[in-house]
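Taking it in order: structure first as structure tokens, then the write-up.
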2 protein chains.
Amino acid sequence: MSESHRTTVSVKDVAAAAGVSVGTVSNVLNRPEKVSPATLDHVQATIARLGFVRNDAARQLRAGSNRSIGMIVLDIRNPFFTDVARGVEDRLTAHRRPLILGSSGQDASRESTYLDLFEQQRVSGLLITPVGKVLPRLRRLRERGTAVVVVDRRTGSREFSSVSVDDVRGGRLAGQHLAAVGRRRIAFVGGPADLTQVRHRLRGLQESVPADGSPVRHVETAAMDADAGRRAAESLLTLPAPERPDAIFGANDLVALGVLQALTLAGVRVPDDVAIVGYDDIDFAASAAIPLTSVRQPRDEMGAVATDLLLAAIDDPAARVRDIVLEPELVVRRSTGG
Amino acid sequence: MSESHRTTVSVKDVAAAAGVSVGTVSNVLNRPEKVSPATLDHVQATIARLGFVRNDAARQLRAGSNRSIGMIVLDIRNPFFTDVARGVEDRLTAHRRPLILGSSGQDASRESTYLDLFEQQRVSGLLITPVGKVLPRLRRLRERGTAVVVVDRRTGSREFSSVSVDDVRGGRLAGQHLAAVGRRRIAFVGGPADLTQVRHRLRGLQESVPADGSPVRHVETAAMDADAGRRAAESLLTLPAPERPDAIFGANDLVALGVLQALTLAGVRVPDDVAIVGYDDIDFAASAAIPLTSVRQPRDEMGAVATDLLLAAIDDPAARVRDIVLEPELVVRRSTGG
DNA sequence: CGTCGTGATTGAAAGGATTCAATCAGCCGA
DNA sequence: TCGGCTGATTGAATCCTTTCAATCACGACG
């Protein structure tokens with residue numbers, strides 16, 4: 001059947017074995033319709049027999065660019081980002097383009113390493129949720145012909161297309177809902193405060209707090225994971241009873257789930273004593289033993305829309321820069337009495 | 001400062017601008033100690049000024065192989081796999097090797113597409129949790145000089161190194177614990193049954209079931225996500241009371257969390273009426289409102305060990321094939337009365 | 001029977017970084 | 001002052017695929 005190769009097989013070897021020229025082999029690979037049926041068969045058989053596999057490096061070198069798309073997310077352990085990535089991957093698969101996924105873990109130097117890699121690889125497009133000050137690098141990439149789309153952020157400058165969700169609106173949805181179910185002492189858990197997302201969600205919440213309620217209490221956290229939520233909830237539990245919140249809005253679902261756990265452990269009834277709202281609506285929000293009310297971000301859609309923008313920019317580098325802002329949606333579940 | 005480039009800058013351009021030969025530029029890039037300090041400075045300055053970035057395709061073409069490592073996981077949405085991937089990535093970062101991560105989603109054709117990609121890219125190593133019948137392809141990859149390590153599986157044939165966890169033992173740990181807390185009617189939820197993991201965990205459970213208990217009831221599922229767990233739990237709730245299990249062992253944490261949710265919604269008390277044990281010990285297991293007892297797999301360690309094996313095989317292709325089997329560990333929490 | 005046209009095939013050139021044998025410059029010691 | 005040595009630098013060859021102008025073969029048509 002197949003033979004054993006110490007050395008790798010090239011088009012030249014295939015050509016020699018099949019008794020045709022390298023040009024013909026290349027045509028078989030890339031423009032089979034230009035090749036006579038007999039030759040096509042014969043060459044394809046030879047390729048299979050020798051186990052020839054295209055060398056992508058050489059192909060790219062000639063082509064000048066790579067078909068792959070690079071993506072840098074904040075945290076691959078947050079299901080929110082893996083869901084977005086899934087949306088991207090699904091869309092790319094349809095276009096036969098591979099996705100190279102990197103996670104910066106909120107670390108600017110790691111982000112920079114991935115940018116180096118993608119730049120050297122000459123990826124044809126980049127999807128990024130930026131951490132550090134990367135604007136100059138993004139500009140350079142674009143000058144080189146790499147399309148760039150910012151995900152889950154807006155750049156401010158109108159230089160790069162972006163896809164994001166209206167976080168102020170999301171905060172408002174949460175606040176209005178909590179007000180509607182009669183909550184008057186609302187706390188917000190999340191941080192660090194210099195994250196745009198955190199600020200916007202908080203602002204939306206504040207705007208919609210009932211007139212007869214206390215002002216929003218912000219418990220700032222260093223990270224956005226369950227552990228941070230747990231600790232924040234414990235600190236809230238030490239407050240004298242009249243000051244204790246009757247509702248907590250977590251800046252994302254991981255935080256909210258941590259809050260939920262700490263409260264349940266402490267014997268606080270959810271939602272009777274304290275209502276909880278999360279953000280993102282990851283699958284685990286619905287799977288929690290007390291299903292979590294959450295502000296849903298259209299994760300798949302974000303991935304899909306970002307991919308479409310990117311592919312459009314690759315096809316036509318002069319395509320208009322667009323900031324697409326998607327709408328969040330409130331999903332009511334048991335944690336607020338749904 | 002920086003100039004604007006329509007066309008890309010090559011070593012030749014740098015050489016011309018710096019007034020040296022391409023060989024010297026290459027030396028500056030790869031063997032700076034061979035270059036005189038003055039030249040080094042000058043060339044580096046020129047590189048910065050022109051914004052030169054190495055073309056990786058050309059570099060690889062010459063070098064014959066790529067520094068990157070490919071990884072194919074079963075499901076990027078399962079935190080278990082992203083945790084393993086993190087372990088891999090951390091280790092690789094230390095060796096300045098990029099990781100290209102793909103998710104097969106349990107789909108053999110998607111797995112095959114990633115294998116094609118990695119083969120064409122000439123990655124220097126591959127980490128894979130196989131789905132389809134890929135042994136012949138893995139052999140071919142190795143013949144071509146790509147190191148291969150199987151993750152979270154054993155190959156059976158002693159051809160490729162692997163890192164896995166003793167699943168029979170894990171099942172036994174769960175069974176012994178449930179027996180110790182007095183459970184006698186145990187159900188196992190997971191599937192499909194042709195997954196080795198599922199079979200092994202079930203077997204371990206059966207081996208340790210108390211002599212005076214009923215035989216294990218296996219509710220087979222089509223997938224291993226929360227939704228499957230939810231549906232399985234609902235079907236168990238339709239059983240007549242005396243047949244209802246007093247303990248449920250989920251084949252992974254996603255399934256167990258789904259079970260937990262369905263039971264809680266139905267008013268079944270956990271752990272009083274039914275105890276629940278999961279598998280993997282993902283972070284969400286501890287974060288669940290009723291924290292989940294789970295059989296812990298050392299996820300970071302699996303990633304790290306697999307990476308070490310892979311790097312060793314890359315350095316020395318004749319390195320001995322090793323099957324490393326790690327030990328699982330029971331983490332007791334509230335869902336079994338901990 | 002010669003010419004033209006069509007479709008198939010050819011083969012050399014290009015793409016950019018790396019390598020290494022060859023060359024060069026400069027200095028020391030004789 | 002010159003041969004010899006060392007360290008620095010050079011530049012042509014190489015890696016493999018793709019492209020495209022040129023060539024070829026063959027049948028149809030005038």
Side-chain angles (χ1 to χ4, degrees), chain A residues 5-44 46-47 50-67 116-117 119-124 144-145, chain B residues 5-44 46-47 50-67 116-117 119-124 144-145:
Chain A
H5 314 280
R6 195 91 322 264
T7 127
T8 157
V9 182
S10 75
V11 277
K12 206 184 292 182
D13 301 320
V14 174
V20 298
S21 75
V22 293
T24 300
V25 176
S26 178
N27 282 336
V28 168
L29 258 21
N30 303 301
R31 295 182 222 73
E33 74 283 0
K34 303 231 138 200
V35 179
S36 75
T39 315
L40 188 63
D41 269 8
H42 178 222
V43 173
Q44 282 174 336
T46 310
I47 287 176
L50 300 185
F52 166 76
V53 174
R54 243 209 214 84
N55 181 328
D56 212 39
R59 179 217 215 352
Q60 283 170 212
L61 175 56
R62 187 72 237 274
S65 100
N66 189 319
R67 282 188 63 76
D116 287 345
L117 173 68
E119 208 168 351
Q120 292 179 14
Q121 301 235 50
R122 307 285 197 266
V123 296
S124 45
R144 288 233 163 67
Chain B
H5 313 280
R6 196 92 319 266
T7 127
T8 158
V9 182
S10 75
V11 277
K12 206 184 291 181
D13 301 321
V14 174
V20 298
S21 76
V22 293
T24 300
V25 177
S26 178
N27 282 336
V28 168
L29 258 22
N30 303 301
R31 294 181 222 72
E33 75 283 0
K34 302 232 143 201
V35 179
S36 75
T39 315
L40 188 63
D41 270 9
H42 179 220
V43 173
Q44 282 174 337
T46 309
I47 287 176
L50 300 185
F52 165 77
V53 174
R54 243 208 214 83
N55 182 328
D56 214 39
R59 181 218 215 351
Q60 283 169 214
L61 174 57
R62 188 71 237 274
S65 100
N66 188 319
R67 282 188 62 75
D116 287 346
L117 173 69
E119 208 169 351
Q120 292 179 13
Q121 301 234 42
R122 308 286 196 265
V123 296
S124 46
R144 290 233 163 69

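Order of the sequence lines sets the chain letters (A, B, ...), proteins ahead of strands, with each chain counted from 1. Since we're looking at a predicted model, the values are computed, not measured.
- Among the heavy atoms of the strands lying under 4.0 Å from A:T24 is at least one base atom, whether or not backbone atoms are also near.
- A donor-acceptor pair is defined here as one N or O able to donate and one able to accept, closer than 3.5 Å; no such pair exists between the side chain of A:D41 and the backbone of A:A38.
- In this structure, the separation between OG on A:S65 and CZ on A:R59 is 10.0 Å, given to the nearest 0.5 Å.
- The structure places CG of A:L29 at 6.5 Å from OG of A:S26, a figure rounded to the nearest 0.5 Å.
- With rounding to the nearest 0.5 Å, the separation of CG in A:D56 from CG in A:L61 is 11.0 Å.
- Residue B:V9 forms a side-chain contact (heavy atoms from CB on, under 4.5 Å) with just one option from B:N55, B:L50, B:V53, and that option is B:L50.
- Rounding to the nearest 0.5 Å places CD of A:Q60 at 11.5 Å from CZ of A:R54.
- With B:R122 contributing its side chain and B:E119 its backbone, the two residues share a donor-acceptor pair below 3.5 Å.
- In this structure, the separation between CD1 on A:I47 and NE2 on A:H42 is 10.5 Å, given to the nearest 0.5 Å.
- Across the helix from C:dC1-D:dG30 to C:dA30-D:dT1, the helix axis at one end is tilted relative to the axis at the other end by 60° (nearest 10 degrees, each axis from five pairs).
- Considering NZ of A:K34 and CG of A:L40, their distance stands at 14.0 Å, rounded to 0.5 Å.
- Along DNA chain C, the stretch of nucleotides lying under 4.0 Å from any heavy atom of chain B spans, 5' to 3', C:dG16 to C:dT19.
- Between A:V11 and A:F52, the shortest heavy-atom distance links the atoms N-CE1, 3.6 Å.
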Per-nucleotide protein contact string for nucleotides 13-19 of chain D, where B marks a base within reach and S marks sugar-phosphate only (heavy atoms under 4.0 Å, - for neither): -BBBBBB
